[in-house]
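Following: one structure in structure tokens, then a few remarks.
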Amino acid sequence: MLALCGHRDYAAEVNVGVSLATLVAAGLLTAQVIDGGALLVLDDQFFVDPLNVFLVALTAFVGFTTSVFSRPYMRLERDRGKMTPGRMRLYHSMYQMFNFTMLVALSTNNLGILWVAMEAATLTTVLLVSVYRTAASLEAAWKYFILCGVGIAQALFGTILLYLAADKVIGGGGGALLWTNLEAVKSQLEPNVMALAFVFLLLGYGTKVGLVPVHNWLPDAHAEGPTPISAVLSGLLLNVALYAVLRCKVLADGALHSHLAGNLMIGFGLLSVVAAAFFLSRQKDIKRMFAYSSIEHMGLMTFAFGLGGPIANFAGLLHMTVHSLIKSAIFFTVGHASQSAHTQIMEKIRGLIKLNPMVGWGLLLGTLAILGMPPFGVFASEFLILTTAMRDLPWATPFLLLALGVAFASIFSRVQEMVFGDTDLKPLEHPPALVPVFVHLALGLMLGLYIPPYLVDWYQQAARMIGG
Amino acid sequence: MHAYLIQSINLFAAVLLLLSFGMLSQRRILTLIHLFTLQGATLVAATAVVAYVTNQHHLYYSAALTLVTKVIVIPILLHRLIHRLNVKWDVETLINIPTTMLIGILLVVFAFNLALPIAQLSSSIVHSTLGIALACVLLSFLMMITRAKAVPQVIGFLSMENGLFFAATAATYGMPMVVEFGIAFDVLVGMFILGVFMFQIREQFDSLDIRHLETLKED
């Protein structure tokens with residue numbers, strides 16, 4: 001649809017409008033699920049329950065705020081000649097396609113369609129990452145395509161195995177891949193096949209989550225694509241991939257009667273947290289640094305869901321929410337900062353507070369929030385994850401603390417240098433859209449101080465669905 | 001008659017595996033595309049025979065889908081692509097071919113071992129070919145790793161998709177129809193994007209050697 005109005009000036013406004021409409025629809029859907037419980041529509045092919053409706057709402061919300069942010073950002077890129085009208089058209093239409101595929105992936109009931117939507121999300125984001133057509137962005141997109149293509153092919157093999165296991169219990173035909181049907185018979189599924197299927201699915205979708213050692217595409221794609229895309233990749237796509245892993249974990253847990261799936265997730269999660277923290281301390285490019293920070297946080301969530309149990313699941317879901325909100329807010333400010341400085345190299349970005357106090361403070365507060373400073377929401381979820389880890393898995397706690405400490409020291413020292421100090425940079429020609437930044441930060445703050453009771457209830461329902 | 005048909009499925013599976021090895025050892029890019037087309041055709045034949053023997057009608061659609069995408073559209077696209085890119089060079093490999101073949105044999109042994117316990121659980125008449133399907137997937141994977149140019153990498157990717165389709169046919173008589181359509185659509189769109197990409201890569205680097213694409217790394 002956006003391809004039609006293409007490069008004209010109001011394309012950005014249309015983009016915002018469509019995203020807003022999506023948000024309203026998602027809001028209505030959420031209200032309906034809160035009132036009436038889970039629902040199945042369209043011949044059982046789509047369904048919403050407390051677990052995915054919360055991610056649908058989050059995806060629609062961040063999708064909307066990012067479109068608000070991208071309006072002045074992309075306009076500036078166009079004025080600077082990095083974007084041609086044709087590319088703007090591609091950018092806007094792919095942006096909506098990407099949002100659409102994510103929502104399909106979240107709300108589908110069919111694990112096969114989930115795979116198809118994930119692959120489609122990869123294809124659209126490949127185009128978005130390469131939109132500048134520079135050597136570096138082409139390289140990033142190629143790497144992204146090949147790595148995620150191979151990863152996602154493994155997930156397809158996992159899906160085939162899952163279908164094989166389901167086939168024996170439910171019988172063939174379209175019903176055997178519907179998650180609701182599978183959930184009902186999960187304890188009868190053949191354990192050996194399910195174990196193998198879960199390994200393939202975890203590795204496959206884990207590539208998209210950005211788990212170490214299959215994370216190599218992530219920093220490149222984040223650093224070389226346009227900043228609004230980095231924000232949605234980090235804040236949303238990784239969540240959707242983790243959601244796919246969670247859905248499969250529920251089934252594997254039911255079939256295996258052991259903690260194999262959880263243990264695998266704990267292992268990958270812990271490795272990602274530690275490795276990402278050390279990679280992160282060596283980065284020079286600001287977007288790469290925050291990309292590694294995303295790997296670290298996704299690892300932490302995977303770890304939490306691997307631990308299982310009501311508290312860790314609750315913390316994992318909370319962490320998913322606040323990480324999306326705050327990481328996208330950080331990418332918004334980073335986008336403005338690197339546009340003013342004409343570079344993404346951190347040593348050359350200085351004195352943001354003098355240049356534009358709002359951008360400077362936004363970046364500083366966002367960084368403090370993502371590093372887990374109270375009173376922001378990340379503190380609450382990290383605290384819960386750490387205490388559960390201490391209780392259930394004491395040996396893992398020192399690694400987590402070490403990784404969080406390294407990440408804190410390296411990110412904070414760099415951001416401080418960028419924010420304070422003198423500058424000779426000039427302000428931007430288009431006033432940046434800073435409302436989304438502070439809305440996100442305020443929500444992150446609110447989730448740290450006070451979670452409204454209905455939200456608590458909602459998280460608990462979702463946490464129970466994941467079980468463990 | 002019935003027994004012969006089942007035997008013919010096993011024959012097709014063996015041909016698939018041989019073609020995978022052939023692709024792994026092939027140095028010329030045009031031959032590589034021909035081999036890929038043949039692999040697709042074999043897959044279509046195998047699927048159609050399974051459909052006939054088991055009387056599963058949706059497998060005919062699946063076979064037709066593979067015929068259109070893997071045997072007709074994608075090879076044509078690939079031919080036009082290499083014609084317009086004017087690439088006639090031999091394929092370069094990162095590891096020499098005899099070593100690749102030896103690794104390939106090990107992979108096949110591994111795939112058979114992995115697939116054995118699962119294949120026994122499957123009620124499908126052709127469950128013994130699941131090992132071959134998995135071996136094809138792993139061999140294509142190996143091909144993607146060992147090739148230095150963009151086009152052979154893409155062919156490796158597509159041939160991996162072939163192996164997965166065959167695995168689905170062998171284990172469960174194919175996936176539900178919606179899913180198969182979705183996968184075929186994704187593969188086709190992906191192919192178009194990759195084609196566009198190759199022109200852009202060549203414009204930027206004057207070559208399709210992906211060793212140019214190694215500047216983004218940790219220092």
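Letters A, B, ... are given to chains in the order of the sequence lines, protein chains preceding strands, and every chain is numbered from 1.
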Please classify the contact of [X] with chain B as side chain, backbone, both or neither, using a heavy-atom distance under 4.5 Å.
{"X": "A:L111", "result": "neither"}
{"X": "A:A141", "result": "both"}
{"X": "A:E119", "result": "both"}
{"X": "A:T134", "result": "backbone"}
{"X": "A:L123", "result": "both"}

Counting heavy-atom pairs under 4.5 Å to chain B, which of A:G149, A:A117, A:S130, A:A135 comes out on top?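 That would be A:A135.
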
Please identify, among A:V150, A:L161, A:V193, the residue contributing the most non-hydrogen atom pairs under 4.5 Å to chain B.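 Heavy-atom pairs under 4.5 Å are most numerous for A:V150.
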
With respect to chain A, which residue among B:I183, B:D186, B:V137 yields the maximal number of heavy-atom pairs within a distance under 4.5 Å?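 Heavy-atom pair counts peak at B:D186.
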
For B:V154, which atoms come within 4.5 Å of any heavy atom of chain A: side chain, backbone, both, or neither?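 The answer is the side chain of B:V154.
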
Can you tell which part of B:E180 gets under 4.5 Å to a heavy atom of chain A, answering side chain, backbone, both or neither? neither

In terms of heavy-atom contacts, does [atom1] of [X] have more than 12 from other residues, nucleotides or ligands at under 6.0 Å?
{"X": "B:Y61", "atom1": "OH", "value": "no"}
{"X": "A:M83", "atom1": "CE", "value": "yes"}
{"X": "A:Y132", "atom1": "OH", "value": "yes"}

Inter-residue atom distance B:F165.CZ - A:L156.CG, 0.5 Å rounding: 7.5 Å

Between A:Q154 and B:F141, is there a side-chain heavy-atom distance shorter than 4.5 Å?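 Counting from C-beta outward, B:F141 and A:Q154 do come under 4.5 Å.
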
Report yes if the side chains of A:W142 and B:L194 come closer than 4.5 Å at any heavy-atom pair, otherwise no. yes

Give the minimum heavy-atom separation between B:L164 and A:A153, together with the two atoms involved.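 Taking every non-hydrogen atom into account, CD1-O, 3.6 Å.
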
side-chain contact (heavy atoms from CB on, under 4.5 Å) for B:F181 and A:V116? Distances and angles first, verdict last. CA-CA 9 Å; B:F181 269 117; A:V116 171; over 6 Å; no

Any residue of residues 103-115 of chain B which, by heavy atoms, sits under 4.5 Å from chain A: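 Under the 4.5 Å heavy-atom cut-off, B:L114 qualify.
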
List for me each residue that meets side-chain hydrogen bond (donor to acceptor under 3.5 Å, both in side chains) alongside A:H215, sequence neighbours excluded, and say none if there are none.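 Partners of A:H215 under the side-chain hydrogen bond (donor to acceptor under 3.5 Å, both in side chains) test: none.
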
Apply side-chain hydrogen bond (donor to acceptor under 3.5 Å, both in side chains) to A:S293 and list each qualifying residue two or more places apart in sequence or on a separate chain. A:K327

Counterpart residues, ring pair (Phe, Tyr, Trp, His ring centres under 6.0 Å), relative to A:F200 (two or more places apart):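 With neighbours one apart ignored, the set is A:F157.
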
